[in-house]
Amino acid sequence: MSISLPLRPGLEGETPYGAPELDVPVRLNVNENPYPPSPAVIESIATAVAQAATGLNRYPERDFPDLRAALADYLAAESGVRLDPTRIWAANGSNEVMLHILQAFGGPGRTCLTFTPTYSMYPEYARDTLTEYATRPRRADFTIDAEGAAAAIKELHPAVVILASPNNPTGTALPLADIQSILDAARGNGPIIPVGTGSGGDGRPGRADCVVVIDEAYAEFRRPGVPSALELLADGTNPHLAVTRTMSKAFGAAGLRLGYLAASRELVDALRVVRLPYHLSAITQAAALAALSHREELMAQVAGLREERDVLVDWLRAQGLTAYDSDANFVLFGPFADRDAIWEQLVAAGVLIRVVGPEGYLRASIGTPQEMDRLRAELLRAMRFG
Ligand SMILES: *Cc1c(COP(=O)(O)O)cnc(C)c1O
């Protein structure tokens, strides 16, 4: 029997997002941490989850104050910026955090602006919240022209601007001065809001501020001396800034589904309006708290992954390829006349990387030293005989 589903306009022909999930020995395609949790971390999580299970007949804490306090502590240790826990928000991955942002500030007649090439989920948040999606190109080196970005904001009056820094798939971190000048342009250049608090400030319609999201999913991998945009939250002068983070990458807990953000309390309170009640399960909260208590051990791993990354960049360049400087746990490299052919040869040899970014380029996540050896060996073979 055939069925004619009343698919929402805009979803015709859309397919579910996701990289191929292939069961190969060396998986370097979705920027996971290659190291599984240590026995000590596993034991802490198991104990915490068993404890949480005793109360599973009850709904979890809706606004999870303990977890928000632990995340605030983690950010203070990681970046030196201490924020009140009421300025932290969390959800099932930073993907859901960013969806909350678009649910709260996007919608019909509203625009979300990003700078490409960038993370391929952004258009999906926009689509799913009926928000217009606009893009402007990054420069050839994948940085953003702050003046051009300011002009685009003044032209489009977006409700939300999302800047990935370090960017995926390029690894590029943005200087804080550029982010600050984009924040300045965003003030009073968002959509018109009906009453009161717009730039008019006198009870008449005026322009709201545009929310600027810095997606720092890879922040822990940034090179020494590269600051976090959290610093721009410290003195309270950027209440329209949200910095998103995740436990999926550096923290080695992609399977946990825990992403979070730091922002002003007003911005966080707007997100609390659109979240589903009890969106973070008691199991997730308990496991995340347990994992966070091991932060020192997890951060030690990150240093090793950063070194492997820099070794890979040097090696790729020594082969005559272009490899972009990366502040993340992946490297974008190329160009290849036929990148799909290289990708297929690698898969056939048991090494899975990602076809993403500018034409001719490939992206590989940083794995263990053994996995990196395999990648280098198989890439050489593919380049020679491909
Ligand atoms: C991986 C990634 C995320 C994080 O996704 P989670 O939902 O937290 O797993 C966010 N932004 C970018 C750019 C990413 O690459």
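Residues take their numbers from the sequence shown, with the count starting at 1. For ligands, and for the atoms within them, numbers begin at 1 and follow the listed sequence.
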> What is the closest protein heavy atom to atom 15 (O) of ligand 1, and at what distance does it sit?
Replying inline: Tyr218 OH, 2.6 Å
> Donor-acceptor pair, Asp141 side chain versus Thr143 backbone, under 3.5 Å?
Replying inline: yes
> In ligand 1, which numbered atoms sit nearer than 4.0 Å to a non-hydrogen atom of Ser248?
Replying inline: 6 (P), 8 (O), 9 (O)
> Can a non-hydrogen atom of Glu96 be found less than 4.0 Å from any atom of ligand 1?
Replying inline: no
>> Heavy-atom distances under 4.0 Å decide this one: backbone, side chain, both or neither, for Ser94 against ligand 1?
In response: both
> For Asp215 and Tyr122, does a side-chain donor sit closer than 3.5 Å to a side-chain acceptor?
Replying inline: yes
> Should one rank Asn92, Asn95, Val97, Ile162 by closest heavy-atom distance to atom 5 (O) of ligand 1, which comes out on top?
Replying inline: Asn95
>> Just to be sure I read this right, does ligand 1 sit under 4.0 Å from the backbone of Met121, its side chain, both, or neither, counting only heavy atoms?
In response: neither
>> Cation-pi check for Phe221 against Arg306: NZ or CZ below 6.0 Å from the six-membered ring centre and within 45 degrees of the axis, yes or no?
In response: no
> For the ring pair Phe142 and Phe115, is the centre-to-centre distance below 6.0 Å?
Replying inline: no
>> Under a 4.0 angstrom heavy-atom cut-off, which atoms of ligand 1 come close to Gly93?
In response: 6 (P), 7 (O), 8 (O)
>> Could you tell me if Arg68 sits above the aromatic ring of Phe64, with its cationic atom closer than 6.0 Å to the ring centre and no more than 45 degrees from the axis?
In response: yes
> What protein heavy atom is closest to atom 13 (C) of ligand 1, reported as residue, atom name and distance in Å?
Replying inline: Asp215 OD2, 3.3 Å
>> I'd like to check which ligand 1 atoms, numbered from 1 as shown, lie under 4.0 Å from a non-hydrogen atom of Arg257.
In response: 6 (P), 7 (O), 9 (O)
>> Could you identify the single nearest non-hydrogen protein atom to atom 2 (C) of ligand 1 and state the distance to 0.1 Å?
In response: Lys249 NZ, 2.4 Å
>> Tell me whether Glu371 contacts the main-chain N or O of Leu28 through its side chain, where contact means a donor paired with an acceptor under 3.5 Å.
In response: no
>> So if I count the atoms of ligand 1 from 1 in the order they appear, which ones are less than 4.0 Å from some heavy atom of Ala217?
In response: 2 (C), 3 (C), 10 (C), 11 (N), 12 (C), 14 (C)
>> Using modelled atom types and a 3.5 Å cut-off, is there a donor and acceptor pairing between side-chain atoms of Arg87 and backbone atoms of Leu233?
In response: yes
> Of Arg245, Arg222, Glu78, Glu220, which is the lone residue that meets side-chain hydrogen bond (donor to acceptor under 3.5 Å, both in side chains) with Ser228?
Replying inline: Arg245
> Is Asn31 in contact with ligand 1, taking contact as a heavy-atom separation below 4.0 Å?
Replying inline: no
